[in-house]
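For the numbers below, each heavy atom of this structure counts, side chains included, while hydrogens, waters and symmetry mates do not.
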Amino acid sequence: MTRSARELFDAVQTELAPRDDENQLVPLIAEGKAPRSVFAAIAAEELRIVRSDWRSVLTLASRSEDKSARAFFAGLAQGEAAALEQLPALAAATGLDDAALEAYQPLAGCQGYPAYFAWMALNGEPADVIVALITNFAAWGRYCATIATAMREKYGFEDEACGFFDFFAAPFDETEAVAAIQSAIDAGKVTDAAWTYARHFQSFELMFWNTLAQAE
């Protein structure tokens with residue numbers, strides 16, 4: 001692997017350009033055409049996703065031999081903890097109390113992403129996982145920004161209810177990711193699996209939104 005970390009990220013993102021035209025739900029939310037109930041489903045699904053992803057990044061931190069990778073995953077763990085704190089406000093604004101959240105039956109298509117992430121946390125080379133995550137973050141952040149705007153302008157949600165999406169819509173600092181990947185490239189630990197993981201992440205991302213679109 002002769003590319004620099006930045007060149008590698010750019011190459012993967014260029015080849016696996018976000019397939020926004022295949023997302024069936026976010027455009028409907030942007031136009032105010034999705035049912036309000038979809039936000040309750042997102043809150044309940046994300047409660048389970050964030051809990052799982054939090055464990056996954058901590059597992060990856062513990063498996064990472066490189067200190068840059070450990071720092072990256074530790075930072076993600078802090079982010080997952082912060083995101084989890086935003087979900088109660090979203091749930092409450094959609095009419096879900098704690099009992100309803102726990103009673104909710106998650107959809108397999110929505111939980112495919114965290115399930116695959118958990119598999120990678122146990123089986124993937126940490127550096128390859130970082131490449132896949134960074135490739136997906138741009139699309140996820142853009143979707144969250146679109147939803148946060150639409151929640152206010154089309155559905156009349158207060159700022160507190162939009163906090164979960166605001167959190168992920170904020171620009172992601174890739175400094176630690178670039179350092180971790182550069183270290184892995186120098187050590188010859190980035191493999192072709194990074195492209196496969198990134199491709200699968202993209203598919204599971206779309207599956208999440210499209211499952212919700214078809215369920216409503």
Side-chain angles (χ1 to χ4, degrees), residues 1-19 45-87 110-144 164 167-208:
M1 183 70 68
T2 58
R3 293 187 179 96
S4 70
R6 184 71 268 165
E7 290 171 335
L8 175 60
F9 284 148
D10 291 345
V12 176
Q13 288 174 335
T14 298
E15 180 173 325
L16 304 179
R19 292 152 31 205
E45 295 287 352
E46 286 293 346
L47 177 66
R48 291 155 176 81
I49 291 171
V50 174
R51 285 173 176 171
S52 178
D53 289 354
W54 192 358
R55 297 185 183 97
S56 292
V57 294
L58 287 172
T59 298
L60 283 158
S62 69
R63 291 184 56 225
S64 298
E65 298 178 0
D66 180 79
K67 64 180 181 180
S68 298
R70 286 197 301 273
F72 171 76
F73 288 120
L76 288 189
Q78 293 177 345
E80 297 292 349
L84 195 61
E85 293 178 354
Q86 300 293 333
L87 282 173
C110 291
Q111 296 301 312
Y113 182 104
Y116 185 63
F117 193 3
W119 180 90
M120 287 195 301
L122 294 175
N123 298 283
E125 172 63 46
D128 292 337
V129 178
I130 294 175
V131 174
L133 285 170
I134 293 299
T135 301
N136 188 64
F137 279 172
W140 166 246
R142 188 170 61 257
Y143 296 151
C144 286
F164 177 81
F167 177 80
F168 284 111
F172 181 77
D173 185 354
E174 297 183 353
T175 302
E176 288 183 337
V178 170
I181 294 305
Q182 191 60 59
S183 178
I185 289 174
D186 294 342
K189 290 189 175 182
V190 176
T191 75
D192 289 341
W195 299 75
T196 300
Y197 295 163
R199 188 177 300 109
H200 288 173
F201 256 161
Q202 183 188 63
S203 295
F204 281 120
E205 175 80 27
L206 286 171
M207 185 185 295
F208 171 83

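Between Tyr113 and Phe201, the ring planes are parallel. Angles under 30° get that label, and only those over 60° would be called perpendicular. Ring orientation note: the planes of Trp119 and Tyr116 are close to parallel, at an angle under 30° on the 30°/60° scale.
Taking CZ from Phe164 and CD from Glu46, the interatomic distance works out to 4.0 Å, rounded to the nearest 0.5 Å. For the atom pair CD1 of Ile134 and CG of Leu8, the computed distance is 11.0 Å after rounding to the nearest 0.5 Å. Interatomic distance, Leu47 CG to Leu87 CG, rounded to the nearest 0.5 Å: 6.0 Å. Leu133 CG to Met120 CE: the interatomic distance, rounded to the nearest 0.5 Å, is 6.0 Å. Atom CG of residue Leu84 and atom CH2 of residue Trp54 lie 6.0 Å apart, to the nearest 0.5 angstrom. Taking CG of Asn136 as the reference point, atom CD of Gln13 lies at 10.0 Å (rounded to 0.5 Å).
Across all their heavy atoms, Ala132 and Ala198 have their closest contact at CB-N, 3.5 Å. For the pair Phe9 and Ile181, the tightest heavy-atom approach, listed with the atom from each and the gap, is CZ-CG1, 3.5 Å. The two residues Pro126 and Leu60 have their closest heavy-atom pair at CA-CD2, 4.2 Å. The nearest pair of heavy atoms linking Ile185 to Ser4 is CD1-C, 3.8 Å. Nearest heavy-atom pair, Lys189 versus Asp128, reported as atom, atom and distance to 0.1 Å: O-OD1, 4.1 Å. When every heavy atom of Cys110 is checked against every heavy atom of Ile49, the shortest pair comes out as O-CD1, 3.7 Å.
For the pair Phe137/Glu174, no side-chain contact is recorded, criterion being any heavy-atom separation below 4.5 Å from C-beta on. Residues Phe73 and Thr59 form no side-chain contact, since every pair of their non-hydrogen atoms from C-beta on lies 4.5 Å or further apart. Looking only at side-chain heavy atoms (C-beta outward), Tyr197 and Val12 stay at 4.5 Å or farther from each other. Here the side chains of Val57 and Phe72 are not in contact, with every heavy-atom distance at 4.5 Å or above. Side-chain atoms of Leu76 and Phe172, non-hydrogen and from C-beta on, do get closer than 4.5 Å to each other.
Shown are Phe167, Phe168, Phe204; of these, the ring-ring contact (aromatic ring centres under 6.0 Å, His included) with Trp140 is made only by Phe168.
Judged by distance alone, with hydrogens and angles left aside, the side-chain atoms of Arg70 form a donor-acceptor pair with the main-chain N or O of Glu65 at under 3.5 Å. Ser56 places a side-chain N or O within 3.5 Å of a backbone atom of Ser52 that can act as its donor or acceptor partner. Ser183 contributes no side-chain N or O that, together with a main-chain N or O of Ala180, makes up a donor-acceptor pair within less than 3.5 Å. For the pair Arg6 (side chain) and Val178 (backbone), a donor-acceptor distance under 3.5 Å is absent. The closest donor-acceptor contact from the side chain of Arg63 to the backbone of Gly124 lies under 3.5 Å.
Heavy atoms from other residues, nucleotides or ligands lying under 6.0 Å from CZ of Arg55 number 12 at most.
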